[in-house]
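Proteins get letters first, then strands, A, B, ... in listed order; numbering begins at 1 in each.
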Protein chains: 2
Amino acid sequence: MVTIKEIAELCGVSRGTVDRVLNHRGNVKAEKKELILKVAQEMNYTPNPAGRALAAQKMKPVVAIVMPSKGIGFFDAVIEAMEKAAKSYSMYGLQVEWYISKGYDVEVQCKQLSQLLGKVQAVILMPINDERVSTKIRHLTESGIFVITINNDIENSSRHCYVGTDYFNGGMTAGSLLQMINHGMLNIGITLGSLQILGHAQRLSGFRSALSHNPLAQIMAITEDQDDEMLSYEKNLEMLRKHPDINVIFAASSGGICGACRAIMTCGREKDITVIVFDTLPTTVEMMEKGLIQATIYQHPRRQGQIAMQIVFEYLVNGKKPERELNLLTNEIRIKENINTAL
Amino acid sequence: MVTIKEIAELCGVSRGTVDRVLNHRGNVKAEKKELILKVAQEMNYTPNPAGRALAAQKMKPVVAIVMPSKGIGFFDAVIEAMEKAAKSYSMYGLQVEWYISKGYDVEVQCKQLSQLLGKVQAVILMPINDERVSTKIRHLTESGIFVITINNDIENSSRHCYVGTDYFNGGMTAGSLLQMINHGMLNIGITLGSLQILGHAQRLSGFRSALSHNPLAQIMAITEDQDDEMLSYEKNLEMLRKHPDINVIFAASSGGICGACRAIMTCGREKDITVIVFDTLPTTVEMMEKGLIQATIYQHPRRQGQIAMQIVFEYLVNGKKPERELNLLTNEIRIKENINTAL
DNA sequence: TTGAAAGCGATACCAC
DNA sequence: GTGGTATCGCTTTCAA
C-alpha cells in the first residue's frame with residue numbers, strides 16, 4: 001500500500017503538500033499539483049483508514065437523525081442498530097443528535113430540518129413524501145450537508161443516497177406469495193400506514209401488480225391506519241364488519257399490524273383469514289406462532305440502521321463517497337419456522 | 001474514551017508499563033499490575049482499533065482458507081466475499097493463503113491442516129465431519145491457532161467459532177414451506193450432497209421433522225449426489241424413473257441442483273413436480289424464472305465469507321475475541337419475485 | 001522492572 | 001506556496 005510519505009518522497013515535496021493536493025485544499029503550484037495527482041493515480045493510492053481515523057478524531061463531526069417514528073415498533077430496531085453503530089464510531093469523534101418525533105407532520109419535519117443548517121455535517125432522515133420536505137433537503141445539500149434517506153425515500157429530492165428496501169418489490173413479493181399459499185378465491189382487505197409515506201403507496205402498487213392477472217383475486221377495501229395500533233384496530237374492525245366476505249388481510253402498515261390482528265380476533269375470524277404482513281415485531285411473532293399470521297416480509301431493520309450510520313461514518317470520517325446511491329436490502333419472506341433470526 | 005496514556009498518568013507509570021499489563025507481556029510488579037488492571041477496568045478501557053491497527057501492521061499475520069469446494073457454485077460467492085474482505089484488510093497486514101480443493105476427502109483435508117502448523121495464525125475451514133478432522137483441529141487450537149468453521153460445522157471439535165446457517169432449521173423451513181404451497185399428497189424425492197457433510201444430514205432431519213405430522217407426506221427416496229452436477233443428473237434421473245409417483249423434489253444439495261432440474265426436464269415432469277432447493281446460483285435463478293423451481297432457501301453466502309474474515313481480522317489484528325461462538329445467519333425464503341438481491 | 005522514544009499514516013497548523 | 005512538526009492511540013525496542 002502506498003502512503004502519502006512515499007508519494008511525497010517520489011515527487012520531491014513534503015507530506016503537507018501532498019495532503020493539500022489530495023484533499024483539494026489549494027495553495028499548491030499547478031505543476032506540482034499535477035505531478036502529485038499523476039503519481040498518486042499511478043501508484044493507486046488509497047488513504048489508510050486507520051491513519052485517517054486517528055487524525056480525524058478531533059474534528060468531531062455531527063450527524064442528525066430525523067425520524068417521525070416515535071411509537072412505531074418497527075423503528076425501535078432501526079434506531080437501536082444506529083445507536084450501537086454510533087457507539088462504536090464515537091471513538092472516531094462522530095457525534096449524533098436525535099430528533100425522534102411522533103406523527104407524519106410535514107410542518108414539523110420541515111422545522112426540524114431547518115434547525116440543522118450550520119449545526120451538523122450530515123443528516124439521516126426518514127422523509128415524508130412532500131414537496132416542502134424535498135425543498136428543505138435541497139437547502140441542506142446545497143450548503144454541503146450530506147443527506148441520507150432511510151427506510152423510505154422521497155421523490156425529486158437531492159438526497160445523496162437511500163438505505164432501505166424496494167417497496168414495490170415488497171408488495172409484489174407479498175402478493176405473489178399469497179397466491180402460492182392460497183389457491184382459491186381471494187377477497188382482500190388492505191390496511192396501510194399512510195399513502196403520504198412513499199413506501200406504502202409503492203407497496204400497494206407492487207401488490208396490485210402481482211395480483212393483476214388473477215381473476216380470483218379482488219381488493220375489497222383499503223384503509224389507512226396512520227401506523228397507529230389503536231386507529232388500526234378500529235378501522236380494520238369497521239372494514240371486516242362492512243365486508244364479511246374478506247378472507248385475506250394484507251397489512252402493509254409499519255405500525256398497525258397488531259391492531260389489525262386484534263380486529264380479526266374480535267370478529268372471530270382467525271381461522272379463516274389468510275394474513276400477510278410486514279416486519280417482525282414481537283407481537284407479530286406471537287401472532288405467527290399462534291397461526292393467525294401466515295407470513296411476513298422482513299425488511300432488515302437493524303441492517304438499515306447499521307448501513308446508514310456506516311455510510312455517514314465513511315463519508316464524514318474517512319472521506320469516502322458512498323459506493324451506490326440506492327442501498328437496497330432484500331425483502332425476505334419469513335414464516336413461523338425461520339422468524340427467529342440470530343444475525 | 002479512555003486511552004493508555006490516561007491510565008498511565010493516573011497510575012503514575014509509563015505507557016509502556018500499562019501496555020505490558022494489558023497485553024499480558026509480564027515484567028511488571030504485581031502491585032502495579034493490579035492497580036493498572038483495576039483502573040483500566042473501572043474506566044472501562046477499550047483499545048482504539050485505529051491506533052492498534054496502525055501500530056500492528058508490521059506483524060503480518062496469516063490466515064489460511066481451507067475449503068474442499070472447488071467446482072461447487074455456491075462457494076464462489078463465499079470465496080469472492082472473503083477475497084473482497086481480505087483486500088480491505090490487507091493494509092492492516094493481514095495475509096491470506098488459499099487451499100481450495102475438489103472433493104470431500106478426509107485424508108486430503110487432514111493433510112492440508114497438518115501443513116499449517118507453525119505457518120499461520122488462523123484458519124477458516126469448511127470441515128468434513130469426521131473424527132480425524134476434529135483431531136487435527138484440536139492440534140491446531142492447542143498450538144494457539146485460531147480456528148473458524150465456515151458454512152458447515154463439525155462435531156466434537158475445539159474450533160473457536162462457527163459461521164453459517166442452522167441447517168436443521170433450514171430443512172424445517174423448507175419442509176414447512178412445502179406444506180404451505182402444496183396442500184395435497186406429497187411423494188418426495190430427496191437429493192443431497194453427502195451425509196458426510198454435517199449440514200446436509202441436519203437438513204434432512206429438519207425436513208423430516210417438519211413433515212412428521214403430515215399423513216399425506218412420504219419420502220420415497222434419498223440420493224447422495226456428492227455436490228456434483230453430472231452425478232446428480234444421473235442419480236436423480238434414476239430416482240425419478242424408479243419412482244414415477246414422485247411429485248416433490250427436495251434438493252438439499254449444494255452442488256447438484258442444476259443436475260436434478262435437468263433430470264426433471266428430461267423426464268418431462270417440469271409442470272407437475274414441486275421443487276424446493278437451496279441457494280441462488282445463476283442456474284437456480286433461471287429455473288425459478290422458468291417456473292421449474294418454486295422456492296429456494298437462501299443462506300447468505302457473501303455474508304458468511306465476510307463475517308468469517310471479519311472475525312479473523314478482529315481477533316488477529318485488533319485482539320478482539322469473537323462475540324459469540326455460533327454466528328448463525330437466517331435461512332431466507334426466496335421466490336421468483338425476491339430472488340434478485342441487491343445488498 | 002521500568003521508562004523513554006520511535007514509528008505507523010494522515011492531518012492541522014505554524015513558520016518561512 | 002511550501003516544509004516542518006506535533007498529534008491521534010498503540011506497539012515495540014532499547015536503554016537504564
**Request:** Measure from NZ on A:Lys60 to P on D:dC8 and round the result to the nearest Å.
**Result:** 12 Å
**Minimum-distance nucleotide (side-chain atoms of A:Ala55 versus C:dA10, D:dC10, C:dC8)** = C:dA10
**Asked** Under 4.0 Å between a side-chain N or O of B:Arg52 and OP1 or OP2 of D:dT11?
**Response** yes
**Complete:** Against the side chain of B:Arg25, the closest entry in C:dA10, D:dT11, D:dT2 is D:dT11
**Message:** Whole angstroms only, please: what is the CZ-C1' distance between A:Arg15 and C:dG9?
**Reply:** 8 Å
**Request:** Would you confirm whether A:Asn23, through its side chain, and A:Arg25, through its main-chain N or O, come within 3.5 Å as a donor-acceptor pair?
**Result:** no
**Asked** Tell me: CD of B:Glu9 to C1' of C:dT2, nearest whole Å?
**Response** 17 Å
**Complete:** The nucleotide from D:dG9, D:dT2, C:dT11 with an atom nearest the side chain of A:Val28 is D:dT2
**Asked** Nearest-Å distance, CG (A:Asn48) to C1' (D:dG9)?
**Response** 14 Å
**Prompt:** How is A:Tyr92 classified with respect to the nucleic acid when contacts are heavy atoms under 4.0 Å: base, sugar-phosphate, or nothing?
**Reply:** nothing
**Message:** Testing the basics here: between B:Val133 and B:Pro127, what is the closest heavy-atom pair and its distance to 0.1 Å?
**Reply:** CG1-CB, 4.4 Å
**Message:** Can you measure A:Leu316 atom CG to C:dA10 atom P for me and round it to whole angstrom units?
**Reply:** 19 Å
**Complete:** A:Asn23 atom CG is separated from C:dC13 atom C1', nearest whole Å, by 15 Å
**Touch class at under 4.0 angstrom, heavy-atom based, for B:Pro49 against every strand present** = nothing
**Request:** Step through the shown structure and confirm whether more than 12 heavy atoms of other residues, nucleotides or ligands are within 6.0 Å of NZ on A:Lys321.
**Result:** no
**Message:** Does B:Asp19 reach a base, just sugar-phosphate, or nothing at all? Heavy atoms under 4.0 Å.
**Reply:** base
**Prompt:** Of all the choices, D:dG3, D:dT11, C:dT2, which nucleotide is nearest to the side chain of A:Val13 once you look at every atom?
**Reply:** D:dG3
**Request:** Would you mind telling me which of D:dG3, C:dT11, D:dG9 lies closest to the side-chain atoms of A:Thr17?
**Result:** D:dG3
**Prompt:** Yes or no on side-chain contact (heavy atoms from CB on, under 4.5 Å) for B:Thr149 and B:Met126, after CA distance, side-chain angles and deciding distance?
**Reply:** CA-CA 6 Å; B:Thr149 50; B:Met126 171 174 160; over 6 Å; no
**Message:** Do A:Tyr45 and A:Ile4 have side chains that approach each other closer than 4.5 Å (heavy atoms only, starting at C-beta)?
**Reply:** yes
**Request:** Report the distance from atom CG of B:Leu54 to atom P of D:dT11, rounded to the nearest whole Å.
**Result:** 11 Å
**Fill in**
Closest to the side chain of A:Lys32, out of C:dA10, D:dG3, D:dC10, is D:dG3
**Item:** Between C:dT2 (C1') and B:Leu35 (CG): distance, integer Å
**Value:** 15 Å
**Asked** Does a side-chain N or O from A:Lys5 land closer than 4.0 Å to OP1 or OP2 of C:dG7, or not?
**Response** no
**Prompt:** B:Asn27 or A:Ile4: which one's nearest nucleotide on DNA chain C is closer to the 5' end?
**Reply:** B:Asn27
